[in-house]
Amino acid sequence: MKIIYILALAMIISVMNSTMFNVALPSIRHDFDLSSSQVSWVVTSYIIIYAIGSVTYGKLADKYRLKNLMTIGLCLFAIGSIVGFVASDYWMVIVGRILQSAGASVIPASSMIIPIRYIAAEKRGRALGITSSGMALGTAMGPIIAGMITSFADWRYLFAISLLSLVTIPFFRKYLNQDQVRPLKIDIWGGILLATTVTLLLLAITNVSLILAIITIVMLIVFVIYIRKVDQPFLDPAIFRNSTYTTTMIIACLALIFNLCVPYLIPQMLSSIHQLSSFTIGLIMFPGALIAAIFGIVGGRIADSKGNTFLLRIAFVLQLITYALLAVFTDRSYWLIMGVLVIGNTGLTFAQVGLANTVSRTLAGAQVGVGMGLYMMLSFISGAIGTTVLGLILDRVKSPWSLNSVWYAGGANTFSNIFLVFAIWIAIIILFLFRYLHAANHNSTLSK
């Protein structure tokens with residue numbers, strides 16, 4: 001289990017790096033005299049490469065040793081950090097972020113693969129719980145650390161923090177020594193087609209562009225035709241003939257599509273309704289994420305002892321309670337909201353552990369690397385879709401009324417309605433998810 005704790009540390013640094021720069025965008029925009037659309041590429045470029053890298057490293061892990069992939073990835077992460085730290089022009093910032101993301105994306109891919117390869121199935125839930133705790137802790141610490149640094153020093157020092165990832169390389173090289181590499185041929189053209197399709201999809205989502213959406217569909221068709229004809233394709237379509245894997249992936253993405261938007265939605269609500277600063281918002285969100293990080297380990301143990309279905313029941317009930325309370329108390333005391341977020345973040349961490357563990361048990365052999373990488377990539381895409389939808393709603397919809405008849409939320413109607421829709425969505429997911437899991441367990445397709 002030592003390698004899992006090292007992986008969790010790397011996960012904290014990686015996730016922090018993805019969240020810290022949201023706070024720094026105003027400073028970067030001011031320093032380089034940029035528009036909002038221009039400065040958004042600091043975040044957008046990172047997300048695009050991160051999503052592509054997750055499935056790419058997953059595929060490469062089927063051919064190359066994980067310790068070598070981790071070494072290369074973390075070195076790229078460090079090089080990007082140095083480029084960003086010394087940036088004198090905006091293009092250097094973007095290059096730094098791209099290099100960072102190209103390297104850091106090895107971490108989420110490995111966080112899915114290492115527990116499967118190195119941890120026995122009966123202890124895998126605990127391992128995934130530890131890495132999910134790292135993700136929650138990184139999410140919590142990122143905005144706070146960024147707020148402190150940007151308040152007292154230059155935003156470039158955010159890049160320097162990521163250099164801490166280098167300390168994990170010796171440990172990865174020491175403990176990742178059991179890989180069985182396979183003589184696979186890497187389909188470079190297939191990888192390029194997939195990367196292009198994902199890039200166009202994310203750009204279409206974030207820019208709400210119909211033209212890009214049409215081009216994305218065309219590229220997807222080309223990609224599908226290509227992988228059906230070529231030998232040893234980058235993404236073997238046979239993986240989707242695993243109906244258990246495909247169905248579980250669809251359910252997981254539907255469950256996460258709005259849940260992953262909460263870190264975006266809560267700051268918007270606290271800022272617009274309660275008029276809080278970025279630093280104060282970070283402090284309000286920190287306890288929930290910290291406690292969720294602690295309970296992530298507990299959630300992993302529950303999955304190992306009681307099964308994934310039991311853990312997911314707890315997870316989605318907690319989230320249902322959270323969204324129902326937020327729908328009612330949107331414009332109430334933000335201290336109350338801080339308490340509710342403890343429940344919600346714990347539910348999200350439990351859901352991430354349970355869903356990842358469930359998906360992992362549908363894969364075997366050569367499908368593990370690319371299958372779990374694809375799971376991570378689709379999770380990012382789901383979050384991007386949900387965030388874009390919410391952004392459009394917040395920008396264009398000012399509801400004069402509330403769907404919530406229990407408590408009239410006054411000027412917070414839009415947020416109240418969103419959280420009520422979230423609660424309904426989770427209730428629907430609960431019905432479909434557990435009906436499917438019950439049938440799967442009955443047929444012994446999934447094991448606890």
Side-chain angles (χ1 to χ4, degrees), residues 5-32 39-47 49-50 53-54 70-90 92-108 110-111 130-172 263-264 267 277-283 285-286 289-290 292-293:
Y5 289 101
I6 302 300
L7 182 60
L9 174 60
M11 180 68 78
I12 291 172
I13 299 171
S14 172
V15 173
M16 280 178 53
N17 187 70
S18 66
T19 59
M20 287 190 301
F21 284 87
N22 292 322
V23 177
L25 289 182
S27 298
I28 298 174
R29 178 182 178 182
H30 177 268
D31 285 0
F32 294 108
V39 78
S40 68
W41 277 98
V42 173
V43 175
T44 302
S45 61
Y46 192 90
I47 293 174
I49 303 299
Y50 208 67
S54 296
M70 291 296 292
T71 301
I72 293 171
L74 292 173
C75 286
L76 268 178
F77 192 19
I79 292 171
S81 300
I82 294 172
V83 172
F85 182 71
V86 301
S88 57
D89 295 297
Y90 182 55
M92 294 180 67
V93 177
I94 298 301
V95 170
R97 290 292 282 167
I98 290 174
L99 289 173
Q100 275 192 324
S101 187
S105 55
V106 71
I107 299 172
S110 299
S111 71
I130 293 171
T131 56
S132 294
S133 294
M135 183 180 296
L137 191 57
T139 302
M141 294 173 60
I144 293 178
I145 291 177
M148 293 175 62
I149 290 178
T150 54
S151 296
F152 301 105
D154 191 89
W155 53 265
R156 291 172 177 81
Y157 283 93
L158 297 179
F159 281 100
I161 292 176
S162 301
L163 292 173
L164 293 173
S165 62
L166 291 174
V167 303
T168 63
I169 292 179
F171 297 98
F172 283 122
Y264 163 81
S277 66
S278 297
F279 183 68
T280 305
I281 291 171
L283 291 177
M285 297 180 69
F286 181 74
L290 178 62

**Q** Going from CZ on F77 to OG on S105, what distance comes out if it is rounded to the nearest 0.5 angstrom?
**A**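 The CZ atom of F77 sits 10.0 Å away from the OG atom of S105.
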
**Q** For Y5, enumerate each residue passing the ring-ring contact (aromatic ring centres under 6.0 Å, His included) test, keeping only those at least two apart in sequence or located in another chain.
**A**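 Checked Y5 against ring-ring contact (aromatic ring centres under 6.0 Å, His included); zero matches.
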
**Q** Are the side chains of L163 and I82 in touch, meaning some heavy atoms are under 4.5 Å apart?
**A**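 L163 reaches I82 side chain to side chain.
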
**Q** Mind checking what makes side chain to side chain donor-acceptor pair (under 3.5 Å) contact with T168, not counting sequence neighbours?
**A**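 With neighbours one apart ignored, the set is empty.
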
**Q** To the nearest 0.5 Å, tell me how far S54 OG sits from I107 CD1.
**A**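 Here the interatomic distance stands at 10.5 Å.
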
**Q** For S110, give me all partners under side-chain contact (heavy atoms from CB on, under 4.5 Å), at least two apart in sequence or on another chain.
**A**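 For S110 the side-chain contact (heavy atoms from CB on, under 4.5 Å) partners, ignoring immediate neighbours, are L7, L66, M70, V106, I114.
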
**Q** For T131 versus M11, what's the shortest heavy-atom pair and its separation?
**A**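 For T131 and M11, the tightest heavy-atom pair comes out as O-CG, 3.8 Å.
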
**Q** Please collect all salt bridge (charged side-chain N to carboxylate O under 4.0 Å, His left out) contacts where either partner lies in residues 133-145, sequence neighbours excluded, each pair once.
**A**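 Found none.
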
**Q** Restricting to pairs with a member in residues 151-164, which pass salt bridge (charged side-chain N to carboxylate O under 4.0 Å, His left out), not counting sequence neighbours?
**A**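 For residues 151-164: D154-R156.
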
**Q** Partners of S14 by side chain to side chain donor-acceptor pair (under 3.5 Å), sequence neighbours excluded?
**A**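 Residues passing side chain to side chain donor-acceptor pair (under 3.5 Å) with S14: Y50.
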
**Q** Looking only at heavy atoms, which two atoms of L164 and V167 are closest? And how far apart?
**A**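 Of all heavy-atom pairs spanning L164 and V167, the closest is O-CG2, 3.0 Å.
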
**Q** Output the distance between atom CE (M20) and atom CE (M148), rounded to the nearest 0.5 Å.
**A**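 One gets 12.5 Å once the value is rounded to the nearest 0.5 Å.
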
**Q** Work out which heavy atom in G80 is nearest to a heavy atom in F159; give both atom names and the distance.
**A**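 It is O-CD2, 4.0 Å.
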
**Q** Nearest 0.5 Å, please: how far is OG in S162 from CG in N17?
**A**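 Output value for this atom pair is 3.5 Å.
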
**Q** Taking side-chain contact (heavy atoms from CB on, under 4.5 Å) as the definition, give me every residue that meets it alongside L76, ordered by chain and number, with sequence neighbours left out.
**A**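 Counting only residues at least two positions away or on another chain, L76 forms a side-chain contact (heavy atoms from CB on, under 4.5 Å) with Y57, L99, A102.
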
**Q** Nearest heavy-atom pair of M92 and V86: which atoms, and what distance?
**A**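 Looking at all heavy atoms of both residues, the closest pair is CE-O, 3.9 Å.
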
**Q** What pairs with T71 under side-chain contact (heavy atoms from CB on, under 4.5 Å), at least two apart in sequence or on another chain?
**A**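 For T71 the side-chain contact (heavy atoms from CB on, under 4.5 Å) partners, ignoring immediate neighbours, are C75, I169, R173.
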
**Q** Please verify the inter-ring angle class for Y90 with F32; under 30° counts as parallel, over 60° as perpendicular, anything in between as tilted.
**A**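 Aromatic pair Y90/F32 classed tilted.
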
**Q** Which residue pairs pass the salt bridge (charged side-chain N to carboxylate O under 4.0 Å, His left out) test when at least one of the two sits in residues 139-153, sequence neighbours left out?
**A**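 Sorted pair list comes back empty.
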
**Q** What pair of heavy atoms forms the shortest contact from A78 to L166, and how long is it?
**A**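 Closest approach of A78 to L166: CB-CD2, 3.6 Å.
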
**Q** Name all residues meeting the side chain to side chain donor-acceptor pair (under 3.5 Å) criterion together with S81; count only those two or more places apart in sequence or in a different chain, and write none if there are none.
**A**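 Residues passing side chain to side chain donor-acceptor pair (under 3.5 Å) with S81: Q100.
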
**Q** Under the side-chain contact (heavy atoms from CB on, under 4.5 Å) rule, collect the residues that match up with A24, sequence neighbours excluded.
**A**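 Here the qualifying residues are I28, T150, W155, L158.
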
**Q** Would the distance check show the side chain of R97 and the main-chain N or O of V42 forming a donor-acceptor pair, the cut-off being under 3.5 Å?
**A**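 Side chain of R97 to backbone of V42: a pair is present.
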
**Q** Mind checking what makes ring-ring contact (aromatic ring centres under 6.0 Å, His included) contact with F171, not counting sequence neighbours?
**A**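 Testing F171 for ring-ring contact (aromatic ring centres under 6.0 Å, His included), a comparison that skips the adjacent residues, returns none.
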
**Q** Rounded to the nearest 0.5 Å, what separates atom OG in S101 from atom CD1 in I98?
**A**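 Spacing of OG (S101) from CD1 (I98) equals 8.5 Å.
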
